[in-house]
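Below you'll find the structure, written out as structure tokens, and then a few comments.
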Amino acid sequence: MAKVKGMVELMVDAAQPLLRSWEGKVAAAPGGVAEVDVDDDIRSFSFDVISRACFGGDYSRGREIFLRLRALSGLMSETSVIFTIPSLRHLPTEKNRRIWRLTQEIRSLILQLASERRRAGAGAAAPDFLGSIIENSRGQPRADDFVVDNCKNIYFAGHETSAVTATWCLMLLAAHPEWQDRARAEVLEVCGGAAGAAAPDFDAVARMRTVHAVVLETLRLFPPSSFVVREAFRDMQLGKLRAPRGTYLFVPVSTMHHDAAIWGPTARRFDPGRFRDGVAAACKHPQAFMPFGLGARTCLGQNLALVEVKALVALVLSRFAVALSPDYRHAPAFRFIIEPEFGLRLLVRRLGHEDDGH
Ligand code: HEM
């Protein structure tokens, strides 16, 4: 949490392009209400946050690395027969050559940055993830692979997950104006004053209990990772279930989050109030709430993600009122993450100083 504390400022910086873009669109819109497709703006915000959090002062070079990772992930997720017949991955097709080139470039850019940091003795001193990774790579048998793999993990684990959470959160607030008003009232109170209040700092974000409950309820209804996976390392008996060694166990997070036996009859309803007294009081088995997984391999970025989503929601609510566009089609798509199939289009209106959002 100490590292995350120093990152709220970078989150506020990363949100500026989104805020300016929405302001521009609203100013140009007839009647002061703009229709905005918000997904890409939110993805760019989250991309910026994770690049800055990982690479700190080397942010622009880090951004180049993550842009290549984005291109690589796009190439690899294109459905292709190549990825269903493993040996074909080694054929020098044009696409494979692009994948190999990108993989090589990403590796050498990361290692170049890491070796400059090591030479400058700036590994541990740097307050970013790359600093921690370099520090933890000391004494590892394959230190270079350790650094490259961990940088890649941070990008893949921490970019889309946070972005899609912020997107679902704004969708739910747009669909539930009463909760939008309550959350905004809290943001304005905590950040001081009327709409357009000061940007939140870490302490302000920590004091936003309603916004926190809204984000937890978002993660309950739309957990980005629909499954958490484990492998049985030995023969196991789990209740009535026998799992021989080597079995993959898929824990269906989304199904558990919607189970009335755990959450009561309002399980399918958006009600952040259920988290008023914490997770344990909200459901029958607190372990059943697992948007970030559980146990030894629980998400390493959960504090960062929660603060990031809350900071963005606070910045948006203090400036804008949002409602669902009539064009919004609700269709959660269960892919690698649970995302809105047709994106999120919002009606966005700028709040005036005297405006309370109604
Ligand atoms: C709302 C956003 C996020 C969600 C819902 C999420 C969810 C998860 C889940 C479900 C896991 C698997 C945990 C398990 O198997 O028990 C995981 C692992 C992980 N996450 Fe996140 N995550 C988020 C954001 C982030 C961010 C921002 C970062 C990086 C800064 C990150 C870094 C990681 C890493 C490194 C792991 C692997 C941990 C390990 O295997 O030891 N995550 N995350």
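None of these values were measured; they are calculated from a predicted model. The figures here come from the full heavy-atom set of this structure, side chains too, leaving out hydrogens, waters and symmetry mates. Read the numbers this way: they start at 1 and go in the same order the structure lists the ligands and their atoms.
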Which heavy atom of the protein is the closest neighbour of [atom], given with residue, atom name and distance?
atom                    : answer
atom 26 (C) of ligand 1 : Gly158 CA, 3.3 Å
atom 6 (C) of ligand 1  : Phe292 CD2, 3.6 Å
atom 35 (C) of ligand 1 : Leu300 CD1, 3.9 Å
atom 24 (C) of ligand 1 : Thr161 OG1, 3.5 Å
atom 32 (C) of ligand 1 : Ala157 CB, 3.5 Å
atom 41 (O) of ligand 1 : Arg297 NE, 2.8 Å

task: Would you check the N or O atoms of Ser162, main chain and side chain alike, for any that come under 3.5 Å of an N or O of ligand 1?
output: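 In fact, backbone or side chain, Ser162 has no N or O that close.
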query: Can you check whether Thr165 has an N/O within less than 3.5 Å of an N/O in ligand 1?
result: no
State the atoms of ligand 1, each with its element, that fall below the 4.0 Å cut-off from a heavy-atom position in [X].
X      : result
Gly293 : 10 (C), 13 (C), 14 (C), 16 (O)
Leu294 : 16 (O)
Val228 : 10 (C), 14 (C), 15 (O), 16 (O)
Pro224 : 5 (C)
Ser225 : 7 (C), 10 (C)
Ile50  : 30 (C)
Ala305 : 1 (C), 2 (C), 24 (C)
Phe129 : 30 (C)

query: Among Pro291, Cys299, Gly301, Ala296, which one has a heavy atom closest to atom 18 (C) of ligand 1?
result: Cys299
field: For atom 30 (C) of ligand 1, the option (of Leu306, Asn153, Val307, Leu304) bearing the nearest heavy atom
entry: Leu304
task: Look at ligand 1 and say whether Val49 reaches it with a heavy atom at a distance under 4.0 Å.
output: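 No, Val49 has no heavy atoms under 4.0 Å from ligand 1.
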- prompt: Is Arg97 positioned over the aromatic face of Trp100, cation under 6.0 angstrom from the ring centre and no more than 45 degrees off axis?
  reply: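 No, Arg97 does not sit over the ring of Trp100.
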- prompt: Cation-pi between Arg350 and Phe320: NZ/CZ under 6.0 Å from ring centre and within 45° of the ring axis?
  reply: yes
- request: Heavy-atom distances under 4.0 Å are what count here, so tell me which part of Val253 touches ligand 1: side chain, backbone, both or neither.
  value: neither
field: Proximity to ligand 1 by part of Arg230, non-hydrogen separation under 4.0 Å
entry: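 Arg230 to ligand 1: side-chain contact only, backbone stays beyond 4.0 Å.
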Quick one: do [X] and [Y] make a salt bridge, cutoff under 4.0 Å?
X      : Y      : answer
Asp128 : Arg52  : no
Arg345 : Asp39  : no
Arg209 : Glu186 : no

Can you tell me how far the [atom1] atom of [X] sits from the [atom2] atom of [Y], to the nearest 0.5 Å?
X      : Y      : atom1 : atom2 : answer
Asp37  : Ser325 : CG    : OG    : 8.0 Å
Ile133 : Ile110 : CD1   : CD1   : 8.5 Å
Ser132 : Leu300 : OG    : CG    : 10.5 Å

query: Just to confirm, does any protein heavy atom lie below 4.0 Å from atom 37 (C) of ligand 1?
result: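 Given the 4.0 Å cut-off, atom 37 (C) of ligand 1 does not count as touching protein heavy atoms.
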- request: Please confirm whether the backbone N or O of Leu315 pairs with a side-chain atom of Ser318, one donor and one acceptor, at under 3.5 Å?
  value: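 Yes; at least one donor-acceptor contact below 3.5 Å.
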task: Evaluate the ring planes of Phe222 and Trp168, with Trp represented by its six-membered ring, and classify them as parallel (under 30°), tilted (30 to 60°) or perpendicular (over 60°).
output: parallel
Glu35 and Leu346, any side-chain heavy atoms less than 4.5 Å apart: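 Leu346 does not reach Glu35 side chain to side chain.
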task: Identify the heavy atoms of His257 and Ala288 that sit nearest to each other, and give their distance.
output: CD2-O, 3.2 Å
field: Heavy-atom pair of closest approach, residues Leu219 and Pro291
entry: CB-CB, 3.9 Å
